[in-house]
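Notes to accompany the following structure.
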Amino acid sequence: DLYHALFLDWITDLWHVECCWRVIWSVASPMPWSRKTLEELRTVQAVPPEMTYDVPLVDERSLEEDHHPSVRMWRQRYVALMDIPWLGGRHDGYPFSASLSSYTTIRRSKGSIHSLRDDAALWLSAMTLGLLEAITRTQIPVSLLLVPGERAGTSFLSATGILRLLIYWTARIQQDVSAEAFLQHGRDVVALLRRALDAMDEEYIALTGMLPRGGLSEEEAEDIYGPVALLITLIAVLPSHRDELKPWKALPELSVLNNHTAANSYGKFSTTVRRIGLRRMRGNGWCPYTVMGLFSNRSLVFCLSEVMQTPPFFRHSSAEHAQCDTEHCILYSIADTDAYVARHTAPSCQCPNVKPPLAEVLRLLSQDAVPVVTYDADGLHVVPAREGSYVAISHVWAEGMGSTTEEGLPMCVLERIAGLTRTLLPEHDGAFWMDSLCVPSVRDERKRAIRLMGRTYRDAAKVLVIDDCIRSQCSQLNSWDENLIRVATSAWIRRVWTLQEGLLARELYFEFSDGPVNLEKERRPSGPTQINSLVPIFINRTNRVAGDPHRDTPLSEVIDLLKGRKTTRAEDELLAIASLLPRQVMLDVLLAEHDGPDIAQRRIRSFLLQLRDVPKAVPFARTPRLSIPGFTWAPQMLVTEYSESWSTKHGTGRCTKEGLVANYCFVALETPITL
């Protein structure tokens, strides 16, 4: 009896703690004890709402087929939802609820025992099916959306099923409804979304989170938070994109939602969705470096589920990225440049290297002319480039086609490249420029070739990208999205040198498994898609064509395009993007810096001195800084910078040999900070 009494005392104390938690911490949660729920139910009891609309029961026959074009279009254009793990919460068999508060209250009957796991399941049910029913004003049987998981005993709310439901809703939303009733429906939807967002914010706090309290691990909770956040995001953005909901766009309530609550919450949700993607993709064998480069794109969260369905590309084995980390890929890194040897098209091939005439290459470079080559049975021939008369090759050295004029390339490689360029430019015998053949190792002439690099790619009739992943995984038979995802995860998109090569191209071709393809002219979904944002260089190129093709790319935009890219040698960074830098930055001045262990830092200093007007936010970025006296405020590399720091909207300072001179205005704090 004594032990029994002690146990009851202990349970009583725990119950007091639980009651205090519910009163103090639970504010926006949809659960019956939260402050918002209690306030809402008191209001409803005082003034019962009048039901002015019918609530139909949705069945399978009402919805479009899973593979209907409209389902695919929604997934591409708006937000690609993710399947939501289902915890078995109570849903069917209850009357329609127009609010999250009434949804949970009628399903959690008083006088019966509910475990914390039951409460977690009810929270999830309210934040998914309850939210969807209240917004669409329909009754949705759980069987309509539920699909079995891969592991026995698990199930999910289907992302495709939710999209089908939302398509059905938007198609019938204005049927037999007055304009005022339609706008009131919009206000109700905004209020529901605001409540859901507040509940999600509260859920992220460990003390108030229903899922952690229900026994779910951090990863299990994230696998629910991320997909639920995407669902809320999708519904919130629909008025800006769907003609059926356009009148809602003018509602001041929606503007407040998007500008304040949603903006703050999406940052948190975005981090969760990214963590889900990072964990799952790395678990599937993706290279950590590739994944982190992909995740540097902020728009990834809206199409992550599409990306996660793509299997990784392996050159040799599924374990080849086991030693990679988020900063480096061992397959993209050339550890010993002196021992580097060009690779044959087949491991068993032992054909000889073919070299262009070195004297002719040096002669043309000395005249500031771009040398290009043609290849036939007699070998390589060097001719001066004429504008629009050759193909420029863009590739990554780590994939085995790097070399110099003096060394040349294996015959098997040349035959393959020449075959591609003849297909692209038959009228000029497939003339092409490639750094491995047209850039010598002789110091002065090498610098000349680098100085001509921008002109080389700008004047080429076509630029051809040769990449192992793109060549083996992309095909004209694939969907646009699948090919674009492969480009976004290729080695080519991760290197600094290839940025200006792709950006300056008049026509940009990629070697697919079935030949060279201009991906920008290929069939693609009508209208913008979220997948497009995975390859920002395409968006920049499209903007150039639509506007002024000769405009200077803003420096902040260049830095944004550098995100996720690397170069083997830090001192090459500015050389590789010299044609994209502001016009006052002279490549010759950067090249004039003498060799030495600190050449990379001195080139950054030279760049800033030539730039002169430096955005005032640059010194405040939390990235590695120079160690040069007077320049410890400056970044070591541009690839680590954030584009916001290089925006001139907050003004600029003047960079001098002594450092940065700028005027800053600091607002005095009313309450002093104690350090």
Side-chain angles (χ1 to χ4, degrees), residues 18 20-41 79 81-82 84-85 87 89 99-105 116 119-132 134-135 157 162 187-239 251-277 298 301-302 304:
E18 175 74 9
C20 289
W21 167 80
R22 292 182 178 185
V23 171
I24 296 172
W25 293 104
S26 187
V27 178
S29 171
M31 301 306 284
W33 53 79
S34 77
R35 271 183 265 174
K36 282 193 176 181
T37 294
L38 295 174
E39 291 170 4
E40 192 172 285
L41 292 179
V79 177
L81 298 179
M82 300 167 66
I84 304 172
L87 301 180
S99 69
L100 299 182
S101 300
S102 61
Y103 181 92
T104 57
T105 301
L116 291 175
D119 287 342
L122 180 57
W123 180 92
L124 175 61
S125 183
M127 294 293 288
T128 52
L129 292 173
L131 182 66
L132 286 168
I135 285 175
L157 295 178
I162 294 173
R187 295 186 193 98
D188 293 343
V189 168
V190 172
L192 285 162
L193 292 174
R194 180 67 176 263
R195 175 73 181 275
L197 285 168
D198 289 345
M200 284 291 291
D201 276 339
E202 191 173 289
E203 183 66 18
Y204 272 83
I205 303 172
L207 288 174
T208 58
M210 292 301 305
L211 300 186
R213 289 166 54 79
L216 276 71
S217 68
E218 184 178 354
E219 288 187 358
E220 289 172 331
E222 280 185 350
D223 287 342
I224 291 175
Y225 293 151
V228 171
L230 287 177
L231 171 59
I232 298 170
T233 303
L234 171 60
I235 299 172
V237 301
L238 283 179
L251 291 172
E253 296 91 342
L254 183 63
S255 178
V256 171
L257 176 75
N258 288 330
N259 291 339
H260 298 287
T261 309
N264 294 331
S265 300
Y266 292 168
K268 206 176 299 179
F269 301 159
S270 172
T271 301
T272 300
V273 174
R274 287 168 186 269
R275 280 203 298 261
I276 295 172
R298 297 175 183 176
V301 293
F302 300 119
L304 180 60

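Along the sequence shown, residues are numbered consecutively beginning with 1. Only heavy atoms go into these numbers, but all of them, side chains included; no hydrogens, no water, no symmetry mates.
- Here the straight-line distance linking atom CG of D223 with atom CG of L216 works out to 9.5 Å at 0.5 Å rounding.
- In terms of the side chain to side chain contact (heavy atoms under 4.5 Å, CB included) criterion, residue partners of S99 (sequence neighbours excluded) are, by chain and number, E40, S101, S102.
- Atom CD1 in I224 sits 5.0 Å away from atom CG in L124 (nearest 0.5 Å).
- Among all heavy-atom pairs drawn from M31 and T37, the shortest one is O-OG1, 2.9 Å.
- Heavy atoms only, all atoms of each residue included: P227 and I276 are closest at CD-CD1, 4.0 Å.
- When the side chain to side chain contact (heavy atoms under 4.5 Å, CB included) test is applied to L251, the partners found at least two apart in sequence or on another chain are L183, R187, W248, E253, L254.
- Rounding to the nearest 0.5 angstrom, the gap separating the CG atom in L304 from the CE atom in M82 is 5.5 Å.
- The closest side-chain heavy-atom distance from L234 to L230 is not below 4.5 Å.
- Of the possible polar contacts, none joining the R194 side chain to the V189 backbone as a donor-acceptor pair under 3.5 Å is found.
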Legend entry - Step-by-step side chain to side chain contact (heavy atoms under 4.5 Å, CB included) determination, Y103 to L129: CA-CA 10 Å; Y103 181 92; L129 292 173; 4.3 Å; yes
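- When side chains are defined from C-beta on, I162 counts as touching I84, because their heavy atoms get closer than 4.5 Å.
- Residues that satisfy the side chain to side chain contact (heavy atoms under 4.5 Å, CB included) test with A199, not counting sequence neighbours, are P30, M127.
- Counting heavy atoms from C-beta outward, R213 and D119 have side chains that stay 4.5 Å or more apart.
- Here the closest heavy-atom approach between residue A28 and residue D198 is recorded as CB-CB, 3.5 Å.
- Legend: residues meeting side chain to side chain contact (heavy atoms under 4.5 Å, CB included) with A221, ordered by chain and number and at least two apart, are L211, Y225.
- Once rounded to the nearest 0.5 Å, the distance linking CG of L131 with OG1 of T128 reads 8.0 Å.
- The two residues G226 and T272 have their closest heavy-atom pair at N-CG2, 3.9 Å.
- Judged as a salt bridge (charged side-chain N to carboxylate O under 4.0 Å, His left out), and not counting sequence neighbours, the contacts of R275 are E222.
- Residues L38 and W33 come closest through the heavy atom pair CD1-O, 3.7 Å.
- E39 pairs by the salt bridge (charged side-chain N to carboxylate O under 4.0 Å, His left out) definition with nothing, not counting sequence neighbours.
- To the nearest 0.5 Å, atom CG of residue L193 and atom CG of residue D188 are 11.0 Å apart.
- Judged as a salt bridge (Lys or Arg N to Asp or Glu O under 4.0 Å), not a single pair has a partner in residues 225-239 (not counting sequence neighbours).
- Nearest heavy-atom pair across E203 and P212 is OE2-CD, 3.6 Å.
- Here the straight-line distance linking atom NZ of K36 with atom OG of S26 works out to 11.0 Å at 0.5 Å rounding.
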